[in-house]
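One structure is given below, encoded as C-alpha cells.
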Amino acid sequence: MDDKQRKLDQRYLRMARIWAENSYCQRRKVGALVVKNKMIISDGYNGTPSGFENVCEDEQGVTKTYVLHAEANAITKLARSSNNSDGATIYITASPCIECAKLIIQAGIKRVVYGEKYRLTDGIELLERAGIEVLYMDVAPSGAEGGAAL
C-alpha cells in the first residue's frame with residue numbers, strides 16, 4: 001500500500017470515529033463510512049431502527065436485540081439511495097461481526113478498514129475467506145497522522 005492510500009485510510013477511519021459520536025448507545029459507539037472513488041457514499045452508526053426510541057440498552061445495560069450495527073445502517077442506507085457499493089471500501093471503528101461481514105460481502109464491498117479489534121474474529125475470517133482485503137489500523141483519535149497497520 002502506498003503512503004497516499006495509507007493516509008487516506010487513516011483520515012476516513014478518523015472520520016468514522018467522529019461519526020460514531022452520533023450514536024446514542026452507551027456501551028459502545030461505532031461508526032462506519034462507505035467510500036467509493038474517494039467519495040463518501042454512505043455513513044452509519046450503531047443505534048435503533050428509525051422510529052424507535054434512541055435507547056440502545058435495557059435497564060441492566062444489555063444491548064437490545066434490535067439495535068443495528070453501524071455497518072448495517074450504512075449498507076441499508078445505500079439500498080435506499082441511487083449509489084451502489086460495488087468495489088467500495090468500508091471504514092469501521094470496530095471489526096465487523098459475522099452478520100455484518102455477510103452484508104459487506106453481499107454489498108460488493110472489496111476493502112474493509114477497521115480501527116478496533118473485537119474479541120470475536122469470525123467476521124474478519126469470513127471476509128478474508130471471501131477474498132475481501134481487510135486492514136486493521138490503530139489510528140490516533142486526534143489529528144495525529146500516526147497509526148500502525150497489521
Side-chain angles (χ1 to χ4, degrees), residues 1 4-57 62-143 147 149-150:
M1 175 175 34
K4 185 176 180 181
Q5 183 63 54
R6 183 182 59 80
K7 285 184 178 183
L8 277 173
D9 288 343
Q10 290 172 337
R11 289 180 184 134
Y12 283 126
L13 197 52
R14 281 198 310 274
M15 290 171 70
R17 185 171 284 143
I18 292 167
W19 199 244
E21 294 173 12
N22 289 316
S23 174
Y24 287 91
C25 296
Q26 299 302 309
R27 289 184 59 226
R28 171 177 280 156
K29 296 178 183 296
V30 180
L33 296 177
V34 181
V35 176
K36 185 174 179 179
N37 300 324
K38 296 183 183 175
M39 293 185 344
I40 298 170
I41 60 170
S42 191
D43 53 62
Y45 51 86
N46 58 326
T48 57
S50 299
F52 283 66
E53 64 180 352
N54 288 322
V55 178
C56 298
E57 295 86 11
V62 177
T63 301
K64 295 179 179 179
T65 57
Y66 54 83
V67 168
L68 290 159
H69 290 184
E71 308 92 295
N73 267 326
I75 291 168
T76 56
K77 191 175 185 179
L78 268 170
R80 297 178 70 176
S81 77
S82 60
N83 288 316
N84 75 68
S85 51
D86 285 336
T89 298
I90 189 166
Y91 295 88
I92 318 163
T93 58
S95 60
C97 70
I98 189 88
E99 294 302 318
C100 288
K102 291 183 221 176
L103 290 174
I104 290 166
I105 293 165
Q106 288 301 97
I109 293 170
K110 294 300 176 199
R111 287 183 77 231
V112 175
V113 180
Y114 68 99
E116 181 184 327
K117 293 181 180 180
Y118 188 60
R119 61 181 169 79
L120 301 176
T121 60
D122 52 355
I124 296 296
E125 292 162 6
L126 185 65
L127 291 169
E128 290 171 341
R129 181 175 169 198
I132 293 174
E133 180 186 347
V134 178
L135 177 65
Y136 164 70
M137 296 188 94
D138 182 14
V139 178
S142 68
L150 282 183

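Remark: the backbone N or O of G31 is paired with a side-chain donor or acceptor of T93 at under 3.5 angstrom. When atom types are taken as modelled, the side chain of S23 and the backbone of N46 share a donor-acceptor pair closer than 3.5 angstrom. Of the possible donor and acceptor atoms, one in the side chain of K36 sits under 3.5 Å from a partner among the backbone N and O of N84. A donor-acceptor pair is defined here as one N or O able to donate and one able to accept, closer than 3.5 Å; no such pair exists between the side chain of N83 and the backbone of L78. Between the side chain of T48 and the backbone N or O of E53, at least one donor-acceptor pair lies under 3.5 Å.
Annotation: side chain of E71 is not in contact with side chain of V112 (no heavy-atom distance under 4.5 Å). Under the 4.5 Å side-chain criterion, counting only non-hydrogen atoms from C-beta, V67 is not in contact with E57. Counting heavy atoms from C-beta outward, T76 and L68 have side chains that stay 4.5 Å or more apart. Proximity of V55 to K64: side-chain heavy atoms (C-beta onward) are separated by under 4.5 Å at one or more points. Counting heavy atoms from C-beta outward, Q5 and D9 have side chains that approach closer than 4.5 Å.
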Apply side-chain contact (heavy atoms from CB on, under 4.5 Å) to the pair L8 and K38, showing each step before the final yes or no.
CA-CA 9 Å; L8 277 173; K38 296 183 183 175; 3.9 Å; yes

Would you please test I124 and Y114 for side-chain contact (heavy atoms from CB on, under 4.5 Å) and show each step? CA-CA 10 Å; I124 296 296; Y114 68 99; 3.5 Å; yes

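Heavy-atom minimum distance, Y24 versus Q26: O-NE2, 3.1 Å. The two residues A16 and L33 make their nearest non-hydrogen contact at N-CD1, 3.7 Å. For P49 against Y66, the heavy-atom pair with the smallest separation is CD-O, 3.5 Å. When every heavy atom of S85 is checked against every heavy atom of I41, the shortest pair comes out as CA-CD1, 4.3 Å. Among all heavy-atom pairs drawn from A101 and G123, the shortest one is CB-O, 3.4 Å.
Taking CD1 of I104 as the reference point, atom CD1 of I132 lies at 7.0 Å (rounded to 0.5 Å). With rounding to the nearest 0.5 Å, the separation of CD in E125 from CZ in R129 is 10.5 Å. Rounded to the nearest 0.5 Å, atoms OG1 (T121) and CG (L127) are 11.5 Å apart. Between atom CD1 of residue I75 and atom CG of residue L103 there is a gap of 5.0 Å, rounded to the nearest 0.5 Å. Considering CD1 of I105 and SG of C100, their distance stands at 11.5 Å, rounded to 0.5 Å. Distance check, rounded to the nearest 0.5 Å: CZ of R80 to OG of S42 gives 11.0 Å.
Here E128 pairs with nothing under the salt bridge (charged side-chain N to carboxylate O under 4.0 Å, His left out) rule; sequence neighbours left out. Y118 pairs by the ring pair (Phe, Tyr, Trp, His ring centres under 6.0 Å) definition with nothing, not counting sequence neighbours. The salt bridge (charged side-chain N to carboxylate O under 4.0 Å, His left out) check on E116 picks up R28, with sequence neighbours excluded. Partners of E21 by salt bridge (charged side-chain N to carboxylate O under 4.0 Å, His left out), not counting sequence neighbours: none found.
Sorted by first and then second residue, the pairs that involve residues 91-110 and meet ring-ring contact (aromatic ring centres under 6.0 Å, His included), not counting sequence neighbours, are Y12-Y91. Pairs of residues two or more places apart, or lying in two chains, that qualify as side-chain hydrogen bond (donor to acceptor under 3.5 Å, both in side chains) and include a residue from residues 98-108 are E99-K102.
The number of heavy atoms from other shown groups lying within 6.0 Å of CG (D86) is above 12.
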